There are 2 protein chains.
Amino acid sequence: MDNREVILQCALELFYRRGYDAAGVQEIVEMAGITKPTMYYYYKSKLGLLEALIEEKGELLLHRILEVQSKKLRFEEQLYQLAKVYLDFGRREHYFYFLMLGLMYSSTESEAHKAAMPFISRQYELIIDTFVRAGDYLGNMNGRQEQFAIGFLGVINCYMMVYNEKSTENMLSDEKIYAVVHQFLHGIYS
Amino acid sequence: MDNREVILQCALELFYRRGYDAAGVQEIVEMAGITKPTMYYYYKSKLGLLEALIEEKGELLLHRILEVQSKKLRFEEQLYQLAKVYLDFGRREHYFYFLMLGLMYSSTESEAHKAAMPFISRQYELIIDTFVRAGDYLGNMNGRQEQFAIGFLGVINCYMMVYNEKSTENMLSDEKIYAVVHQFLHGIYS
DNA sequence: ATTTCATTATACCAATCGGTATACGAGCTG
DNA sequence: CAGCTCGTATACCGATTGGTATAATGAAAT
């Protein structure tokens with residue numbers, strides 16, 4: 001792993017652990033075992049570091065979502081596989097996903113928030129599209145596709161917070177994922 | 001309004017807008033039209049400022065939750081009134097509630113996160129308690145009370161993000177609130 | 001052997017960070 | 001008037017912030 005990648009990895013860990021603003025450039029390069037000019041040789045600024053992270057890691061998630069959607073499954077199966085993609089991604093790229101989650105809820109004036117929003121918005125567009133294309137199956141949604149998409153990702157993220165932090169075992173079972181989607185579709189009575 | 005309150009109000013706005021870490025003490029006192037020693041006369045530190053905010057504003061929300069729970073309503077009506085309390089609070093104390101939401105999702109090492117967690121945990125405890133005490137009505141929940149509480153607040157917060165940012169009119173209608181709770185209880189098919 | 005180019009470090013920048021030592025002035029009390 | 005407390009400002013602290021000018025490296029190409 002060359003310095004370029006090491007820097008990115010260390011930046012991700014420190015952005016996640018300390019927060020983007022609180023993490024210092026000095027701290028990042030020390031962890032990477034290099035000095036500041038080296039970092040500024042590869043990335044134009046601290047913000048550029050974040051942007052590179054989003055570019056690299058974000059593409060992975062978006063690609064997997066598109067992959068599921070291209071499979072033309074029936075609606076519920078599609079939601080189920082999307083949930084699986086998210087929970088899997090949230091576990092394998094824990095630092096990145098939770099960093100994005102934090103930035104999404106951070107102040108809209110923050111530069112880090114602005115850098116993360118295109119990636120986050122793109123996700124929501126894709127999920128909204130899932131509900132739009134399911135219109136035939138679901139019937140008239142009264143334009144609530146966006147609301148459903150937000151609710152769906154909201155539930156997914158909540159469960160991620162609960163099951164992704166504590167025990168690292170068997171929290172990604174297919175039954176668990178099915179239960180999450182089922183709760184979203186049918187509520188808690190069932 | 002004396003300086004003590006002005007400082008708190010300005011700190012809240014800047015913590016919300018810039019984020020806790022990015023907001024400078026200098027910036028806060030300039031907005032309040034005073035100088036740093038005045039702020040440090042009333043509050044022991046920047047973190048103390050945040051703690052004072054949580055103490056003051058947080059108590060308002062917790063008190064309203066307890067008020068609903070003391071009314072001994074039937075389960076669904078209780079959830080409905082809790083949703084109402086949250087959506088109302090999120091609108092009237094927008095800066096504070098969204099600041100807390102951001103801190104909840106921020107890195108666990110951050111001092112601001114640690115300062116906010118007792119307040120946030122207290123909320124979840126109260127909501128979990130609602131589900132626990134509804135056990136007779138809901139039947140065996142297989143220990144999923146915490147999961148339900150997280151899901152419930154998750155849905156509430158999602159809707160708050162959607163309806164609290166855009167138009168400021170008629171988003172708090174009773175029908176809308178009922179729809180949110182209904183979706184949580186019965187899912188999106190209904 | 002020399003030039004070239006990508007990569008890295010030394011040493012520095014002005015600006016800002018959170019926080020404070022000290023003193024000044026207003027108002028109350030003796 | 002003297003003394004005391006509350007509230008506030010001037011001026012400063014060391015540390016750290018993000019960022020850079022410059023030069024030394026080492027390997028490959030001529």
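Note on naming: letters A, B, ... go to the chains in the order of the sequence lines (proteins, then strands), and numbering restarts at 1 for each one. Please read these numbers as outputs of a predicted model, since none were measured by experiment.
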Between the side chains of [X] and [Y], does any donor sit under 3.5 Å from an acceptor?
X: B:Glu146; Y: B:Tyr124; value: no
X: B:Tyr97; Y: B:Asn157; value: yes
X: A:Gln81; Y: A:Glu77; value: yes
X: B:Gln26; Y: B:Glu30; value: yes

Verify the contact: side-chain N or O of B:Tyr40 to OP1 or OP2 of C:dG19, cut-off strictly under 4.0 Å; return yes or no.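 Yes.
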(message) What is the first contacted nucleotide of DNA chain D and what is the last, in 5' to 3' order, if contact means an atom lying under 4.0 angstrom from a heavy atom of chain B?
(response)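 Contacts span D:dC6 to D:dT10, reading 5' to 3'.
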Inspect the surroundings of [atom1] in [X] and state if more than 12 heavy atoms from other residues, nucleotides or ligands are less than 6.0 Å away.
X: B:Glu111; atom1: CD; answer: no
X: A:Lys44; atom1: NZ; answer: no
X: B:Tyr178; atom1: OH; answer: no
X: A:Lys71; atom1: NZ; answer: yes

When the distance from [atom1] of [X] to [atom2] of [N] is rounded to whole Å, what number comes out?
X: B:Tyr43; N: C:dG19; atom1: OH; atom2: P; result: 15 Å
X: B:Lys46; N: C:dG19; atom1: NZ; atom2: C1'; result: 12 Å
X: B:Ile28; N: C:dT16; atom1: CD1; atom2: P; result: 16 Å
X: B:Gln26; N: C:dG18; atom1: CD; atom2: P; result: 9 Å
X: B:Arg18; N: C:dG18; atom1: CZ; atom2: C1'; result: 17 Å

(Q) Regarding C:dG19, can its base be found pairing with the side chain of B:Lys36 as donor and acceptor, where the two atoms are less than 3.5 Å apart? (A)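 Check passes, donor-acceptor contact within cut-off.
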* To do: Quick one: label B:Ala22 by what it contacts on the DNA or RNA (base, sugar-phosphate, nothing), any heavy atom closer than 4.0 Å.
  =>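 Nothing, no nucleic acid heavy atom in range.
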Can you tabulate the close N/O pairs, meaning under 3.5 Å, that link protein atoms to atoms of nucleotides 4-8 of chain C?
from, atom 1, to, atom 2, distance (Å)
C:dT7, OP2, A:Tyr41, OH, 2.8
C:dT8, OP1, A:Asn3, ND2, 2.5
C:dT8, OP2, A:Tyr42, OH, 2.7

Could you tell me if the side chain of B:Leu50 sits less than 4.5 Å from the side chain of B:Leu103, heavy atoms only?
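Sidechains of B:Leu50 and B:Leu103: in contact.
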### Task
Please tell me which of A:Lys44 and A:Glu27 maps to the more 5' nucleotide of DNA chain D, matching each residue to the nucleotide holding its nearest heavy atom.
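The residue mapped nearer the 5' terminus is A:Glu27.
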